[in-house]
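Taking it in order: structure first as structure tokens, then the write-up.
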2 protein chains.
Amino acid sequence: MARRRRSRAGLGSERQALHLLSWRQVRNPFPPIAPLSDDEIEAIHRTSLRVLDELGMKVLDGETRSLLRAAGARVDETGEMVFMEAGLVEEAITTTPPDFTLHARNPARNIEVGGNAINFTPVGGPAFTSDLDKGRRAGTYAEFCDFVKLEQMFDVIHMMGVGAFASLDLPAETRHLDHGLAGFLYGDKAVPVNLLGGERASDGIELAKIALGLDERDLETTPCVLGNINTNSPRQLDGSMAQGLITLARANQPVVVTPFTLCGAMAPATVAGALVQQNAEALFGLALIQIVKPGAPGLYGGFTSNVDMKTGAPAFGTPEYVLACQATGQLTRRYRVPYRSSNTNASNAPDAQAAYESMMSLWGAIMGHANFLFHGAGWLEGGLVGSFEKLVIDAEMLQMMAVYLEGIRVDDDSLGFDAIAEVQPGGHYFGARHTLERYETAFYSPLLSDWRNFENWSDSGAVETAERAHRLWKRMLKEYQAPPIDPGIVDGLNDYIARRKEEILGP
Amino acid sequence: MARRRRSRAGLGSERQALHLLSWRQVRNPFPPIAPLSDDEIEAIHRTSLRVLDELGMKVLDGETRSLLRAAGARVDETGEMVFMEAGLVEEAITTTPPDFTLHARNPARNIEVGGNAINFTPVGGPAFTSDLDKGRRAGTYAEFCDFVKLEQMFDVIHMMGVGAFASLDLPAETRHLDHGLAGFLYGDKAVPVNLLGGERASDGIELAKIALGLDERDLETTPCVLGNINTNSPRQLDGSMAQGLITLARANQPVVVTPFTLCGAMAPATVAGALVQQNAEALFGLALIQIVKPGAPGLYGGFTSNVDMKTGAPAFGTPEYVLACQATGQLTRRYRVPYRSSNTNASNAPDAQAAYESMMSLWGAIMGHANFLFHGAGWLEGGLVGSFEKLVIDAEMLQMMAVYLEGIRVDDDSLGFDAIAEVQPGGHYFGARHTLERYETAFYSPLLSDWRNFENWSDSGAVETAERAHRLWKRMLKEYQAPPIDPGIVDGLNDYIARRKEEILGP
């Protein structure tokens with residue numbers, strides 16, 4: 001299945017020509033931007049605990065309600081409502097690990113989650129795909145695999161995607177198995193799981209066990225399957241999400257709890273109010289994880305944005321979104337829980353709006369000290385589309401942020417007094433020794449940006465960014481090489497999937 | 001000359017439809033991002049003082065060398081070199097005002113410079129203009145006036161431009177007079193001056209005196225003409241720049257000193273080294289201002305970026321650029337001197353690259369706590385073009401940043417407990433009292449971004465951002481109204497300019 005048309009050495013030289021940033025654990029060494037005072041954070045915290053105690057959460061899953069009742073929550077079975085006192089919530093979340101390592105089938109692709117580490121993931125969840133050739137459309141599994149190959153090729157992306165778009169030529173009931181297989185075959189980074197229900201969660205766990213060669217006991221100490229649940233905001237946890245959470249938590253696998261709090265629609269029409277509701281729902285989910293299995297990894301997902309109040313249309317990368325991202329970072333640091341944010345935008349094309357809204361999201365997430373940037377590359381149309389061109393544009397932006405976060409080296413050599421002494425007033429540094437020593441690696445080399453002057457750019461066709469991104473992903477697919485994988489593992493994955501498809505779809 | 005086709009009331013309602021953010025003094029309430037430690041800042045400071053003492057600056061102006069010699073500098077007249085000891089520089093700059101008010105002919109448009117205030121200016125200095133209809137070209141004065149009218153209409157822009165592009169249908173020797181006139185006639189914000197030589201500086205001062213109704217003594221206490229000089233990096237101050245600086249400083253008018261330190265070309269190929277050289281040249285200019293007139297306002301201009309080491313092409317909005325912006329903020333705060341940064345990019349089209357590079361610049365400048373963002377709107381092609389579409393795209397980005405910097409309101413009402421109580425689990429807030437109370441003003445309303453869903457966007461022509469920006473500035477020009485101005489002032493400006501044109505060009 002893997003195309004192996006070129007030698008490693010050959011690929012290496014092409015990669016350099018493509019200016020793909022090499023794999024690295026990105027960290028944010030700078031203090032976060034904190035838009036709220038400590039008192040304001042406490043006000044949000046206290047009000048959110050009051051929501052859980054006095055207003056409660058509706059939980060559409062009997063097993064979950066039983067677990068919570070046993071832990072001390074007040075449950076109204078008729079209304080399917082669960083109420084938790086502040087002390088119960090605050091006590092439960094204390095066992096959440098502040099950091100952990102997420103394991104990939106290639107140990108060189110393991111990533112740290114927590115502290116000042118930040119990890120970028122591809123877009124996950126859109127229904128559709130788009131590219132400049134074929135436009136917006138229902139995607140196929142072949143196209144999905146192409147997207148996965150690109151996810152793998154960008155080393156600045158730290159995890160495979162949970163599904164950049166739906167493969168609409170495959171049955172919906174078993175599509176998650178094919179998507180998981182593609183992640184393990186075409187990539188060697190950690191493969192997340194779709195948490196729509198306990199069965200999908202356990203399929204993800206089983207595939208990861210095969211791919212990483214883990215038994216049940218290994219799994220207990222090896223976080224390797226990360227999943228995300230959304231609350232059905234306001235204040236509702238659906239059954240499939242609850243079961244997905246429980247399945248992963250019981251296996252000691254990390255669950256992200258992300259309230260879907262769009263100000264003015266599913267949350268109050270103020271950022272503070274939406275943060276209260278987000279915090280209530282996130283703490284509820286994080287407490288549930290610890291009640292299921294104390295010490296299981298849980299992450300706080302922030303997704304508060306706003307709608308256009310005139311039309312109800314969701315908006316992303318707005319000023320309010322950025323503020324919510326950075327304030328959410330303050331809340332997660334208060335709880336010492338890893339933080340997931342996103343790279344979002346509401347544009348319908350990979351144009352200037354897509355770029356500036358995404359950039360706003362990036363600065364919100366990164367300076368909010370998110371540990372995971374979900375939808376890091378490829379998101380378009382408010383998350384309805386996984387775009388091939390946006391994937392490349394985002395990869396460029398992520399590469400820029402990764403280099404930015406490396407900061408400035410300051411030592412005698414970099415301060416460059418001797419270099420300054422070497423160059424005459426009004427002269428230039430092109431031939432200076434100090435320059436020549438750094439010729440190849442001095443600065444970030446762009447993947448996509450075109451820095452040529454107007455005349456050269458025009459003479460070569462005046463190709464704008466989106467079209468350059470289009471050409472770039474097409475070239476990359478031609479150069480793709482599958483990472484090595486043990487044939488026994490491939491057989492194991494295929495056997496498991498064949499068996500499961502028969503169970504689900506029938507023979 | 002001013003078109004007065006509509007009533008004030010009429011303009012007001014259209015402005016609301018256009019979602020132009022209302023005039024405000026933007027402030028940054030958040031702590032700055034500081035990429036360097038205090039020790040690293042001190043290392044850059046000390047090394048830069050060593051550059052001024054041991055290596056010196058070449059100064060191509062005899063009067064300037066005399067002034068500096070009289071102040072205690074060592075001067076080598078043969079080599080036109082000036083050397084300043086650390087103590088001399090450090091002592092001189094202490095009289096720089098940490099803040100001041102820049103006055104406009106409309107006092108409601110006065111702006112604060114210093115502290116946590118940040119002001120956005122239009123692009124200044126490009127040779128060419130461009131728009132989507134006519135492409136890239138030499139601009140005319142009529143087109144220049146159109147650009148000025150747009151500068152005035154965007155309230156998020158705090159100053160008129162120094163020249164968005166050259167009016168190439170006007171004589172070069174007197175073009176600055178026409179440009180100045182356009183600023184005062186079509187706008188009511190502060191009008192800066194081109195500092196290429198003492199004569200242009202004094203023309204700017206005279207026009208401002210007429211427009212603001214100031215005599216010589218008023219001028220002394222009324223900063224109203226701001227100019228920028230660039231050092232001819234490395235380590236050279238040209239005669240025209242020196243004379244521009246001296247002319248403005250003698251009139252107690254603010255001068256920005258901006259070294260042109262592109263790493264690898266006019267500065268060392270390290271950010272730290274370029275910052276050393278930038279700091280040496282900036283401190284030299286700031287010291288010169290105080291030596292000319294103690295207490296005259298001076299600003300530290302940061303413009304350190306890098307070149308593409310393969311081609312020598314200048315790059316902007318790069319990771320290195322952002323780091324340099326934020327580190328420069330640390331240096332300016334150390335000296336308690338106001339800080340000027342820029343909104344730059346190297347794109348040849350108003351596309352995704354233009355947007356993401358500009359966004360990087362904005363976050364560098366704003367989180368570096370710049371007090372002035374030069375080239376805030378309209379810069380394209382690394383500063384060679386003043387673009388009508390980029391002006392609109394930038395205005396949207398500046399509006400977003402201005403709203404972001406207003407932070408999050410947190411009080412009982414915004415925390416919204418009652419609103420959360422009002423909405424059932426899984427319900428929505430569209431009809432909630434809390435929402436209806438905030439319907440009109442809850443969130444930022446975009447000027448340019450299109451948040452409609454794909455179907456609506458497609459049905460209305462699938463118009464991308466740059467084309468929307470094009471339509472928007474054309475609509476705005478139709479709606480432009482000149483701000484009121486006393487006819488006596490108009491006569492005074494015209495008389496001065498007529499006299500000066502005769503002096504310069506002959507009768």
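Quick note: numbers below take in every heavy atom, side chains included, and nothing from hydrogens, waters or symmetry partners. We name chains A, B, ... by the order of the sequence lines, and we start the count at 1 in each one.
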Sort [X] into side chain, backbone, both or neither according to what part of it lies under 4.5 angstrom from a heavy atom of chain A.
{"X": "B/Ala421", "value": "both"}
{"X": "B/Ile420", "value": "both"}
{"X": "B/Tyr439", "value": "both"}

Contact winner vs chain B - [options], heavy-atom pairs under 4.5 Å:
{"options": "A/Gln277, A/Glu437, A/Lys58, A/Met57", "result": "A/Gln277"}
{"options": "A/Gly426, A/Ala313, A/Gly427, A/Gly317", "result": "A/Gly426"}
{"options": "A/Gly264, A/Gly312, A/Ala462", "result": "A/Gly264"}
{"options": "A/Pro32, A/Pro314, A/Ala267", "result": "A/Ala267"}
{"options": "A/Val410, A/Asp450, A/Asp351", "result": "A/Asp351"}
{"options": "A/Leu323, A/Thr435, A/Val385", "result": "A/Leu323"}

Would you check, one step at a time, whether the test salt bridge (Lys or Arg N to Asp or Glu O under 4.0 Å) holds for B/Glu40 with A/Arg409? CA-CA 9 Å; B/Glu40 290 169 333; A/Arg409 174 189 292 264; over 6 Å; no
Taking the basic N atoms (NZ, or NE/NH1/NH2) and the acidic carboxylate oxygens, is any pair closer than 4.0 Å for [X] and [Y]?
{"X": "A/Glu464", "Y": "A/Arg468", "value": "no"}
{"X": "B/Arg452", "Y": "A/Glu381", "value": "no"}
{"X": "A/Arg438", "Y": "A/Asp413", "value": "yes"}

Using side-chain heavy atoms (C-beta onward) and a distance below 4.5 Å, is B/Trp363 in contact with B/Met401?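 Of all side-chain heavy-atom pairs linking B/Met401 with B/Trp363, at least one is under 4.5 Å.
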Answer with yes or no whether the side chains of A/Ser233 and A/Thr261 bring together a donor and an acceptor at under 3.5 Å.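 Result is no, nothing qualifies.
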Do A/Lys390 and A/Ser358 have side-chain N/O donor and acceptor atoms under 3.5 Å apart? yes
Chain B-proximal positions within residues 41-49 of chain A [heavy-atom distance under 4.5 Å]: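 Checking residues 41-49 of chain A against chain B gives A/Ala43, A/Ile44, A/Thr47.
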is_close_aromatic(A/Tyr321, B/Tyr404), centroid dist under 6.0 Å: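 They do not qualify: ring centres at least 6.0 Å apart.
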Note: vs chain A, highest number of non-hydrogen pairs under 4.5 angstrom among B/Trp451, B/Tyr444, B/Phe443 is B/Phe443
For chain A, find which of B/Ala349, B/Gly416, B/Ala419 contributes the most heavy-atom pairs closer than 4.5 angstrom. B/Ala349
Contacting region of A/Met400 [heavy-atom separation from chain B under 4.5 Å]: both
